[in-house]
Structure formats: structure tokens, C-alpha cells
Amino acid sequence: MASEFEGPRTAIVTGGAKRIGAALARALAADGWHVLIHYRDSRAEAEALAAELGTAAIVHAELAQPDCAGRIMAGLDGLPPARLLVNNASLFLSDGQKDFDAAQWDLHQAVNLRAPALLTQAFAARLGGPGGLIVNMLDAKLAAPNPDFYSYTISKMGLAGLTELSARALAPKVRVCGIAPSVTMVSGPQSRSNFDKVHRLNALERGVEAEQIVAALRFIVASPTLTGQTITLDAGQRFLSLPRDVQYL
């Protein structure tokens, strides 16, 4: 069967300069995509990755600002048509129900929810015909939530809702799916020692790796009848019903 995505095409990856975003960008480039790497502070890493990939460009935008979508879409000028948007960038700061404040709450919602919504709107409007795909990076903790990282978690709950509603609103022109991994890399205030202890804290006793997220993205890209669905990669961690975020256990 012919691929839904053939010929010159561009994938936008927010937060694509480092960590999981860079792994996704490398995989997409290997699969024949031109990649637009979005960054905020990591210009040097974005430039180095674009040079490594060869078929890549970079664009700077602050996702907390309302003009972020316009800035990122402007980075597509001169590139092949955009057919894929990966909303990977995320803010992850620690707070709780008792100590969250308005500023940190607003920042999480702006970066993790409003920016993907604006990018979804702009991407769909720019798409010249059918065959677009949006993939939102969620979090496996939504399958068994706990109140740690309170503002972050609620922003990801909103992003899960955006995934569902966007899939309904944009069909048949655009497919929208999610990938929800459990802890994959050291993040936030977590130490390397703590990460090594909790990475395998799940039913299968196997930590989720970046290459498994890459494999999930490739599966979604290759599945033209898949939309409105989220692939959860947690090795059965939700079965444990953990009362706190793993880094606090």
C-alpha cells in the first residue's frame, strides 16, 4: 500500500533540539522527512542537529507567547510542505495543590496546552490538502494520575482533551494522535541516582527508552486509519496505582 506521506515533506518538531525531541527529529530525517527543529534556548544544539541531519532547518519561538505559532509557521518558508506536527516541547516544574501559584499555573497552561492548540490551528490552516498528522506528547501518568507536578499534570490533561477534540474537528483532513510515555530521561529536580532506581518501577520492570517513543511515532505515521488515539508506553506502571510521582518514591 502506498504511504500516506510521499514526496518532499516537512515535519515540525517543537523542542526538537535535545532529548526526546532530537531523537524524534533524527528518526524523521532518516525516514525521508525534512525537519523544522523548534527551539527556545538551545540554539547551539539546534544548529548542530540541523547540520548533522542535512535536511533540516531551525526556528526560534517562545511557546509561552501568543505569537509562537506564527513564528514557527514562518520558519516553513522555502521548505517542502508541512505534513506533520509533533508537539513535543513541554514545561515541567514542580508544584502541588497547596503551593501552586498563578504565575506557574499560567506558564504551564501556555506552554503545554495553549501553544499546541495554536500550532494545531495554524498547521491545519496552512495544510494545502488532506494527509496531515499531528502527534501530541502526553504523559503516562494520566492513566493513573497523582497530584505531584500539579500544574504540569493538569496541562497534560488539557492536552489529552485537545488531542480528542482536534481529531474530531479536523477529520478527514488531519489525523491527531498522542504518545504518552512514562519517565524516559532524567527530568525536573530528579537526580541520576533516583532515575536509575525508578526507571524500572513498573509491572514489566523495563524502563521506557527514547527509541520506543520513536517506534510509536513511526507506527502512527504508518497507520492512516488511526486518529483520536493515544499510545501509552508505561510498561504497566498504571497497574501499580502509585500514590506519588515515581521520583518521590
Side-chain angles (χ1 to χ4, degrees), residues 1-17 20-39 46 49-50 52-61 63 68-90 115-138 159-160 162-180 210-211 213-231:
M1 182 179 67
S3 171
E4 182 184 16
F5 301 105
E6 296 180 330
R9 62 208 186 273
T10 297
I12 305 164
V13 182
T14 66
I20 292 171
L24 297 174
R26 287 188 175 97
L28 289 166
D31 292 346
W33 293 81
H34 197 108
V35 184
L36 180 61
I37 303 165
H38 157 263
Y39 71 94
L49 181 58
E52 171 194 329
L53 299 182
T55 55
I58 67 172
V59 63
H60 172 266
L63 296 184
C68 62
R71 288 180 176 274
I72 292 174
M73 293 300 143
L76 292 167
D77 293 345
L79 303 183
R83 302 287 300 282
L84 170 62
L85 166 64
V86 182
N87 284 310
N88 166 75
S90 185
L118 292 171
L119 282 163
T120 295
Q121 181 186 61
F123 174 82
R126 188 182 179 102
L127 192 67
L133 172 62
I134 299 169
V135 178
N136 295 324
M137 294 301 299
L138 300 169
L159 185 57
L162 176 68
T163 302
E164 169 77 15
L165 292 183
S166 298
R168 291 174 179 269
L170 296 177
K173 185 178 179 181
V174 182
R175 296 191 291 120
V176 187
C177 292
I179 302 174
E211 55 262 33
I213 300 174
V214 166
L217 177 62
R218 282 175 163 155
F219 172 76
I220 293 170
V221 169
S223 303
T225 57
L226 186 69
T227 193
Q229 302 293 324
T230 294
I231 298 175

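Just so we're clear, the structure is a prediction, and the values are computed from it rather than from any experiment.
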Between [atom1] on residue [X] and [atom2] on residue [Y], distance to nearest 0.5 Å:
X      : Y      : atom1 : atom2 : answer
Arg83  : Leu133 : CZ    : CG    : 9.5 Å
Asn136 : Ser90  : CG    : OG    : 11.0 Å
Thr230 : Glu164 : OG1   : CD    : 8.5 Å
Ile20  : Leu24  : CD1   : CG    : 7.0 Å
Ser223 : Gln229 : OG    : CD    : 11.0 Å
Glu211 : Arg218 : CD    : CZ    : 11.0 Å

query: Hey, mind stepping through Leu49 and Arg26 against side-chain contact (heavy atoms from CB on, under 4.5 Å) and telling me if it holds?
result: CA-CA 8 Å; Leu49 181 58; Arg26 287 188 175 97; 3.7 Å; yes
Validation row: [X], [Y] side chains within 4.5 angstrom (heavy atoms):
X      : Y      : value
Leu36  : Leu76  : yes
Leu28  : Leu217 : yes
Thr120 : Leu170 : yes
Met137 : Ile213 : yes
Ile179 : Phe219 : no
Ile72  : Ile12  : yes
Leu84  : Val135 : yes
Val174 : Leu127 : yes

field: Asn88 versus Thr14, side-chain donor and acceptor atoms under 3.5 Å
entry: no
task: Check whether more than 12 heavy atoms from other residues, nucleotides or ligands sit under 6.0 Å from atom CZ of Arg71, and answer yes or no.
output: no
Closest heavy-atom contact between [X] and [Y]?
X      : Y      : result
Val214 : Ala27  : CG1-CB, 3.4 Å
Thr55  : Trp33  : OG1-O, 3.6 Å
Ala50  : Ile58  : CB-CG2, 3.8 Å
Gly131 : Phe5   : O-CE2, 2.7 Å
Leu119 : Ala69  : CD2-CA, 3.7 Å
Ala124 : Lys173 : O-NZ, 3.0 Å

message: With side-chain contact (heavy atoms from CB on, under 4.5 Å) as the criterion, how do Val13 and Ile37 come out once you've worked through the C-alpha distance, each side chain's angles and the decisive distance to 0.1 Å?
response: CA-CA 5 Å; Val13 182; Ile37 303 165; 5.9 Å; no
query: Distance-only, no hydrogens or angles: does the Ser166 side chain make a donor-acceptor pair with backbone N or O of Val176 under 3.5 Å?
result: no
message: Under a 3.5 Å distance rule, please check whether His38 uses its side chain to pair with a backbone N or O of Gly15 as donor and acceptor.
response: yes
task: Take Leu226 and Cys177 through the test side-chain contact (heavy atoms from CB on, under 4.5 Å) and record every step on the way to the result.
output: CA-CA 8 Å; Leu226 186 69; Cys177 292; 3.9 Å; yes
- request: Check step by step if salt bridge (charged side-chain N to carboxylate O under 4.0 Å, His left out) holds for Asp77 and Arg126.
  value: CA-CA 11 Å; Asp77 293 345; Arg126 188 182 179 102; 3.5 Å; yes
- prompt: With the threshold set at 4.0 Å, does a side-chain nitrogen-carboxylate oxygen contact exist between Glu4 and Arg175?
  reply: yes
Audit row: Leu118, Gln121, side-chain contact (heavy atoms from CB on, under 4.5 Å) steps and yes/no: CA-CA 5 Å; Leu118 292 171; Gln121 181 186 61; 4.2 Å; yes
